[in-house]
Every structure is written in C-alpha cells, then in structure tokens.
Protein chains: 2
Amino acid sequence: MTSTRSTRDGAVDQGVPGSIPSKAADRGIPEATVARLPVYLRALVTLTDQGIATCSSENLATAAGVNSAKLRKDLSYLGSYGTRGVGYDVEYLRYQIAREIGVTQDWPVVIVGIGNLGHALANYAGFSSRGFRVVALLDSDPARVGKELAGLQISGSAALEDLVREHDVAIGVIATPAAAAQEVCDRLVASGVTSILNFAPAVLSVPDGVDVRKVDLSIELQILAYHEQRKALAFGSAARLGDTG
Amino acid sequence: MTSTRSTRDGAVDQGVPGSIPSKAADRGIPEATVARLPVYLRALVTLTDQGIATCSSENLATAAGVNSAKLRKDLSYLGSYGTRGVGYDVEYLRYQIAREIGVTQDWPVVIVGIGNLGHALANYAGFSSRGFRVVALLDSDPARVGKELAGLQISGSAALEDLVREHDVAIGVIATPAAAAQEVCDRLVASGVTSILNFAPAVLSVPDGVDVRKVDLSIELQILAYHEQRKALAFGSAARLGDTG
DNA sequence: GTGAGTTTGTTCTCGCGTTCACAAACTCTT
DNA sequence: AAGAGTTTGTGAACGCGAGAACAAACTCAC
C-alpha cells in the first residue's frame, strides 16, 4: 500500500492492441501477494537454518505470521511447488520464490543522503545478504564527501549521474531531507533508475514506468498512536486525555 | 497492511453482547484511511509553511499524492470540516486530523536496540516534531550502555521494565537483531506496552489488544526487485538474466 | 435576491483480496 | 491393492477499498 505502480494507470494498462488479456499473459501476481513473498522467503531461510527439510502450509504460515489458506493461494500464483499429502520441500520452494522475486541475481543499489539513516542503511547487513549490493553512497554535504563508510567512499552529489550509469543501477534509495528528495529523485530517474525506495517524508512524483515505495517512520508511529488513543478511549480513561474539541 | 490489529479477530469482534453495532459506535475509521491521515497532516503542515490558509480537496490531494475523491471520502470519516464552494481551512483541518490521530498529546516512546538503525531512530527529528518523545534507549551490549545519545543515556536491558512503567510508555520501538526481537517484545508487552513498531526482520507474536507494525527494509527492496525484474522481462532483455529455471 | 460557478460530502458500482470449504492427489498401514 | 488419513490447490462467497458521478451547499457578481 505504500507503493505507487505508475504502470497500473499508465502505459501498460492501456494495453498493446493485439496483446494477450494481461493476467494470463504476464503471470500477474497480485500486489498483495508480492508483498508477502519476501516474508515467506525469510521464513523458509529460518526453517533451513533449523535443519527442517519439509514443511506443511500450516507450518510455514505460522512461521510467516499469516493463515495457511492465504499462504497456499499466494504460492499457487507461482505454480504447483508442493506435494499433496506431504507439503513443501523447503529448499526447492525457497529457490522458486527467490527466483520469482528476482533475488537470485545481484541488484546494484545507490544510497543518496548519508545522514543518520543513510549511514544505518549503508551498514545494514540485510541488504547484502539478500542480493542487493550497495555500489555508491552520495551526499551533497562537502563535510561528508570522501569519508569511508561500509567499504565505500562517499561521493559528492555531482557524481550521481555517472555512478548510476557506470554501475547500471536500477534501484535508488533516497535518505535525504524532504526538501531535497524530489530533485534527487528526478536526477536518479533521468540517469536510468526505475525503482526508488524513499525514506524522505515527501511525496515524489515520477513518470510512468517508475516504481516508488516509501517508508516513513513517523507515519508508522502516528498510525500506532491512533490505535493507542482509541484503546485508551475504549477503556473509559477518556477524561485524562482532555481533548475538548 | 504491515499491521496486525489483533482486535480484528480477537475480543472486540466477538462483541460485548449488549453493545452497539460496532461501526457507528466506535466511529470506526477504515484502516486504509488511518494510514493516509498522517500523509494529509504532513501536506497541511507544508501548506501552512507556504502561508496558504485555505485549500481545495484538489490542492490537498495533489500535495498528498492521492486523488481528490479519495481524500474527500477519507476526510468525511472524521466529520464535515470543509465548506462547500470554498474548501478547507488549513489550520483548522490540521488540528482536527492531529486530534483524530492523537498527536496533539505527547507519546513517550522507548527504543530497544541501539545499533546502526536504533542510533538513527534516536536522532530522528521527525519523531519529536510530531508528538513523540523518546524517553529511554536500551541495549543489551555492555559496551554501549552508559553512552550518551540524543540527550539520553543508554540503559542496560535489565532496566526495561522499570523504565516503561516509570514513564508510562505505551509505544515501543524494536531495532534489535531478529533473534532478540521476540523476547524484547514479550518483555515490553508484559510491562504495559500495547503498540510496537518492529524493525527487526522477524515475525512477532503478541496477545490480543496489542498492535504491531513492522518495517522491513530488505522486504521493500525485494518488492522493488520483483517489479524491476518484470520490467526487464517485458522489454525483451530476458536473455541477460540467465534464470534457466 | 437571483443565477452562475465552485467545491464538498455521499451514493453507487466495480474490482481486489481474504477466507471458507472441498475435491484432487499423495502416503502409509494392513 | 485398497482404504484411511493428510495436505495441497482452487472455486466460490464475502467484505473492504477505490473511483466515478452527482446532489447539496456555499460564494460571488450583478
């Protein structure tokens, strides 16, 4: 839900005139399922680490925190990789999901904005372990340029276009302040980046064919605050809150 | 969608026998709408900064990156805060949304796990500016305990229960490694925390009435990778990818 | 005051996602 | 080999959210 697939209401949906009825043709996996596949993948890795070679949909569903019917339906979009009466081969399913997501190949990634968050992202082990290779760190602050971080030297923002093209980068991560986000985004897109992960608290506008996913930490907390407030009200301690309209 | 409202299939849905038909009673705002309210709030703050006092649903929708019909429907769940023929008063609407979300009051927050990410979160300005006050930082690594960060001293994990109770903390942030996440979660919940923001790549199980939202950085990238792979395939450069099944 | 223009709030329809329930397909015991 | 027990894959029902479209309500010009 934090994603903007511009192809949905853009070029792809208008459809090439003589093409196949979309869903069957492109093996279209529902967006909600796509968002869960990485969770299943992580659960399967955990099972592997525990030395478990086979699992039922019930086992895997529990490990992934979903119900088993949903899991089976999700997997059915990929193909029939299970065996009735037996379950799923952990290694086999793991590979199939990894292949479907695309993490069997290596994805070069650039991170723009090396503040607190960018710093953390550059050092984040979860990226490299899952097929993502940080190939460049960029920042506009001259005080940061040249410093080494996570085995890379921080480049000035002027180098953005060259670095993206040189490493054939398709995925860019924006961790700049909100004010700089749109400009950085435009430059990334102009250089050939077609997927953006945005941590800046700003709405990005991108051309059709470019995907944006956003992660906004304060929004997550605000959603929790909403539910927290409602819990407090539901338990009758409303007087303390003092919102007098 | 990254949220687990255990009340959905838990106590609340079973319904107190003599209670009111739920939706009307609790002014139940759809989850999808709740997730967008903070975005509207941010957009309104931006408009205020630009000195704009009134805006139409079209203006605000553009600033928030949604379409205007959706915006109006979302706002209608809160009440009728606009004026037909005129639009919305920016300040007034801003306050109403803030009140509805609950960010007019102050929310004490603890952060557990002061690694790279926890470090960044502790320094994140977006929290304090939106009604969240970090009251404690916790880490199990003795090397980090005692160090100062963002105006706070890092406490050892043994102090978790006391700190949560002392500050009456309802919201906890978990930024530990995956292996430690469930134990930390259990301790937070046992101490009275009822909302958890989880950055650890692990599925947390919590009792009914506790909300969990998860942010998984590598999952976001994997979702982008999936779409990226499909774009590559759609443009016929499939040969390069070399996934031979 | 009246009519033209504007903008909100709401109704209606459609599609997606979730869940239930069951047939198909496999293993294992006897 | 046949039946009992398991587990997958899927058809169907249902509920929620998105978007279009329109009526209600306001402003402004004259």
Side-chain angles (χ1 to χ4, degrees), chain A residues 1-6 8-10 13 21-24 26-37 39-40 52-62 64-90 92-93 96-97, chain B residues 1-5 8-10 13 21-24 26-37 39-40 52-62 64-90 92-93 96-97 223:
Chain A
M1 299 304 121
T2 60
S3 106
T4 305
R5 290 235 65 213
S6 34
R8 280 282 152 168
D9 39 347
D13 241 9
S22 81
K23 262 296 163 54
D26 56 3
R27 295 255 316 283
I29 299 180
E31 198 55 37
T33 297
V34 171
R36 282 188 295 266
L37 290 180
V39 181
Y40 302 153
I52 298 172
T54 298
C55 68
S56 68
S57 63
E58 195 66 38
N59 295 151
L60 184 53
T62 304
V66 301
N67 86 29
S68 63
K70 194 182 330 199
L71 171 74
R72 286 199 302 276
K73 175 149 277 191
D74 282 343
L75 294 184
S76 77
Y77 291 114
L78 313 189
S80 287
Y81 295 139
T83 308
R84 297 172 193 226
V86 179
Y88 301 93
D89 182 281
V90 173
Y92 181 60
L93 184 58
Q96 293 300 338
I97 293 180
Chain B
M1 299 303 115
T2 60
S3 107
T4 304
R5 291 236 65 213
R8 280 281 154 172
D9 40 347
D13 242 17
S22 83
K23 261 296 163 55
D26 56 5
R27 298 252 318 283
I29 298 180
E31 199 54 38
T33 296
V34 171
R36 280 187 295 266
L37 290 180
V39 181
Y40 302 153
I52 297 171
T54 299
C55 69
S56 68
S57 64
E58 195 65 39
N59 296 151
L60 186 52
T62 304
V66 301
N67 88 26
S68 62
K70 194 183 331 198
L71 171 72
R72 287 197 302 276
K73 178 171 273 194
D74 283 343
L75 294 184
S76 77
Y77 290 114
L78 312 190
S80 287
Y81 295 140
T83 308
R84 298 172 191 225
V86 179
Y88 301 93
D89 181 282
V90 172
Y92 182 60
L93 184 58
Q96 293 299 339
I97 293 180
I223 295 171

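Throughout, protein chains are lettered first and strands after them, A, B, ... in sequence-line order, and every chain is numbered starting at 1.
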Notebook entry, point to check: Quick one: does A:Lys73 reach the base of D:dT10 with a side-chain donor-acceptor pair under 3.5 Å?
Noted result: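 Side chain to base: no pair below 3.5 Å.
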
Next item on the list: Begin with the C-alpha distance, continue with both residues' side-chain angles, and end with the deciding distance and a verdict on side-chain contact (heavy atoms from CB on, under 4.5 Å) for A:Val39 and A:Val66.
Entry: CA-CA 10 Å; A:Val39 181; A:Val66 301; 5.9 Å; no

Of the nucleotides [options], which one has an atom closest to the side chain of [X]?
{"X": "A:Lys70", "options": "C:dT19, D:dG9, C:dT8", "value": "C:dT19"}
{"X": "A:Arg36", "options": "C:dT18, C:dT8, D:dG19", "value": "C:dT18"}
{"X": "A:Ser56", "options": "C:dT10, D:dT8, C:dG17", "value": "D:dT8"}
{"X": "A:Glu31", "options": "C:dA21, C:dG17, D:dC22", "value": "C:dG17"}
{"X": "B:Tyr88", "options": "C:dG17, D:dA12, C:dT8", "value": "C:dT8"}
{"X": "B:Asn67", "options": "C:dG17, C:dG9, D:dA20", "value": "D:dA20"}

Inter-residue atom distance [X].[atom1] - [Y].[atom2], 0.5 Å rounding:
{"X": "B:Tyr88", "Y": "B:Leu71", "atom1": "OH", "atom2": "CG", "value": "6.0 Å"}
{"X": "B:Ile29", "Y": "B:Leu78", "atom1": "CD1", "atom2": "CG", "value": "5.0 Å"}
{"X": "B:Tyr40", "Y": "B:Thr33", "atom1": "OH", "atom2": "OG1", "value": "7.0 Å"}
{"X": "A:Ile97", "Y": "A:Arg36", "atom1": "CD1", "atom2": "CZ", "value": "12.0 Å"}

Checklist line | Contact under 4.0 Å: A:Ser57 side-chain N or O vs D:dT7 OP1/OP2 | finding: no

Next item on the list: Walk me through it: do A:Leu75 and A:Tyr81 pass the test side-chain contact (heavy atoms from CB on, under 4.5 Å)?
Entry: CA-CA 8 Å; A:Leu75 294 184; A:Tyr81 295 139; over 6 Å; no

How close or far is atom [atom2] of [N] from atom [atom1] of [X], stated in whole angstroms?
{"X": "A:Glu58", "N": "C:dT19", "atom1": "CD", "atom2": "P", "result": "13 Å"}
{"X": "B:Leu93", "N": "C:dT8", "atom1": "CG", "atom2": "C1'", "result": "12 Å"}
{"X": "B:Leu71", "N": "C:dT8", "atom1": "CG", "atom2": "P", "result": "8 Å"}
{"X": "A:Leu75", "N": "D:dT10", "atom1": "CG", "atom2": "C1'", "result": "13 Å"}

Margin query: Heavy-atom nearest nucleotide on DNA chain C for A:Asp74 versus B:Gly82: which residue maps closer to 5'?
Written below: B:Gly82

Next item on the list: Indicate for each nucleotide in nucleotides 24-30 of chain D, in 5' to 3' sequence, whether protein heavy atoms under 4.0 Å reach the base (B), only the sugar-phosphate (S), or nothing (-).
Entry: BBBS---

Note to self: Holding to side-chain hydrogen bond (donor to acceptor under 3.5 Å, both in side chains), I want the full list of residues that pass it with A:Ser56, two or more places apart in sequence or in another chain.
What the structure shows: A:Asn59

